[in-house]
Amino acid sequence: MKPRHSAMIAALAAIALAPPAPAAAQVIAGRVVDAATGAGVARARVTVAGHENDESSRTLTAADGRFSIAVRGGLYRVRAEGTGYEAARTSVTAGPGDTVRVVLRIPVAPRRLGAVTASTRPRRLPMVGVFTPVYPTDSLLAAERTRGEGGPARVIVRGVVPTPTACWRLAGAADRVGPLVTLNIQARPTGDPCPSDAVGASTYKVTLRRLPPGTYTLRVLHTYRAGAWQPSVALDSAGVTVR
C-alpha cells in the first residue's frame, strides 16, 4: 500500500473514531420575586418539568431569588412556590444553546390562624383579706390608690373601692398564671335596707401567699355584682418581687 493511501485511511479512521461534538447546553434561568414588593424570595422551590418528556428538575433559589437549571431542550413548565406564598407558573421553550430567562412573581398567601388557647390553668392563691367600710371622702379616694408590694413568699395589696351605696361589701379571689398574678376585688350588695342617695367605700388589705421567688406582673381588678358599675383595672404593673 502506498504511503499516501495509508495516511488517508488513518485520517478517515481517526475521524470515524472521534467522539461526536457535545450539543450546546440549554438553561432555564431567572428569578423568583415577591409580587407586591419585587424583592427576591430566598429558598423558594422551583420545579422545571418537560411537556413532551418525563424530565423534571428542582432547585432552591439563592438569597436574591435567582436560580438556574440545565435542561435537554423543548417545551417546559416552570413552577415556583415559597413558604408563605402562593405558587406561580409559566411555560417556556428552550432551543439548542438557549438560555431562557424568566421572572416568576409569587403573591403572599393569606393564612387564617386558629385561636390560641393557653394550656396552663390558673393556680388559685391562698389569701387573707381585710375589708373595712369607710366614709368615702375625696381625700381618702385620692390617698388610697391601689398599690402592691412584694415580700417573702407573698404579695401585699392595698386599696379602696367606692361602692354604689354604703351597704355593699367586698370579697376577693386571686390566681396566678406563670408570672401574672391577678387579684379580683368584687363588691356585692348586702341586701340590707340602705339609703340610695349616697355612695359608700371600703378599704382593703389583701395578702397573697405561697408565691415562689421571682418577679411578677400584678393586676388588680375592681368588679361589681349585679352590673351596678362597670369593672375597672385598678393596677396593672410589672416588677413586684417575691423573695
Side-chain angles (χ1 to χ4, degrees), residues 37 42 83-84 108-243:
T37 66
T83 302
V108 173
R111 295 182 180 271
R112 186 178 297 278
L113 299 179
V116 177
T117 303
S119 58
T120 303
R121 294 183 177 181
R123 178 174 297 179
R124 183 56 54 90
L125 294 175
M127 59 175 286
V128 174
V130 177
F131 308 100
T132 306
V134 293
Y135 184 76
T137 63
D138 291 340
S139 59
L140 170 71
L141 296 176
E144 293 290 339
R145 290 178 296 179
T146 302
R147 57 191 186 275
E149 60 188 51
R154 70 177 186 268
V155 168
I156 298 174
V157 183
R158 295 181 176 87
V160 59
V161 178
T163 55
T165 71
C167 299
W168 283 57
R169 297 295 180 265
L170 304 185
D175 56 42
R176 174 174 70 90
V177 178
L180 173 63
V181 174
T182 302
L183 171 63
N184 181 18
I185 302 295
Q186 186 179 76
R188 60 187 69 185
T190 62
D192 299 332
C194 197
S196 59
D197 58 349
V199 298
S202 290
T203 61
Y204 61 87
K205 176 183 176 183
V206 175
T207 302
L208 311 178
R209 297 177 172 175
R210 298 182 188 174
L211 281 162
T215 300
Y216 295 88
T217 295
L218 176 61
R219 182 171 298 161
V220 181
L221 309 178
H222 291 173
T223 60
Y224 297 86
R225 277 284 184 91
W229 288 352
Q230 292 296 315
S232 63
V233 178
L235 183 65
D236 197 353
S237 64
V240 178
T241 300
V242 174
R243 302 185 297 278

>> Among residues at least two apart in sequence or on other chains, which ones pass ring-ring contact (aromatic ring centres under 6.0 Å, His included) with Tyr216?
In response: none

>> Please determine whether side-chain contact (heavy atoms from CB on, under 4.5 Å) holds for the pair Met127 and Leu183, giving the CA-CA distance in whole Å, both sets of side-chain angles, and the decisive distance to 0.1 Å.
In response: CA-CA 10 Å; Met127 59 175 286; Leu183 171 63; 4.2 Å; yes

>> Can you tell me how far apart CG (Leu125) and CG (Leu211) are? Round to the nearest 0.5 Å.
In response: 5.0 Å

>> Can you tell me which residue among Arg154, Arg158, Lys205 is in a salt bridge (charged side-chain N to carboxylate O under 4.0 Å, His left out) with Glu149?
In response: Arg158

> With sequence neighbours excluded, what pairs up with Thr190 under the side-chain contact (heavy atoms from CB on, under 4.5 Å) test?
Replying inline: Cys167, Arg169, Asp192

> Hey, what do you get for CG (Leu208) to CZ (Arg124), rounding to the nearest 0.5 Å?
Replying inline: 11.0 Å

> Taking all atoms of both residues into account, what is the closest heavy-atom pair of Ser202 and Pro133, and its distance?
Replying inline: OG-CA, 3.5 Å

> Could you give the distance from CG (Leu170) to CD (Gln186), rounded to the nearest 0.5 Å?
Replying inline: 9.5 Å

> How far apart are the closest heavy atoms of Cys194 and Ala166, and which atoms are they?
Replying inline: SG-N, 3.9 Å

Show me the donor-acceptor pairs within less than 3.5 Å that the side chains of residues 229-243 make with the rest of the protein, sequence neighbours left out.
| from | atom 1 | to | atom 2 | distance (Å) |
| --- | --- | --- | --- | --- |
| Asp236 | OD1 | Arg219 | NE | 3.4 |
| Asp236 | OD2 | Arg219 | NE | 3.4 |

> Are the side chain of Arg176 and the backbone N or O of Gly178 linked by a donor-acceptor pair below 3.5 Å?
Replying inline: yes

>> Please determine whether side-chain contact (heavy atoms from CB on, under 4.5 Å) holds for the pair Asp175 and Arg123, giving the CA-CA distance in whole Å, both sets of side-chain angles, and the decisive distance to 0.1 Å.
In response: CA-CA 5 Å; Asp175 56 42; Arg123 178 174 297 179; 5.9 Å; no

> Among Val130, Val160, Val157, which one satisfies side chain to side chain contact (heavy atoms under 4.5 Å, CB included) with Tyr204?
Replying inline: Val157

> For the atom pair CD1 (Ile185) and CG (Leu221), what is the distance rounded to the nearest 0.5 Å?
Replying inline: 9.5 Å

> Taking all atoms of both residues into account, what is the closest heavy-atom pair of Tyr224 and Thr163, and its distance?
Replying inline: CE2-CA, 4.3 Å

> From Thr217 OG1 over to Leu180 CG, what is the distance, rounded to the nearest 0.5 angstrom?
Replying inline: 6.5 Å

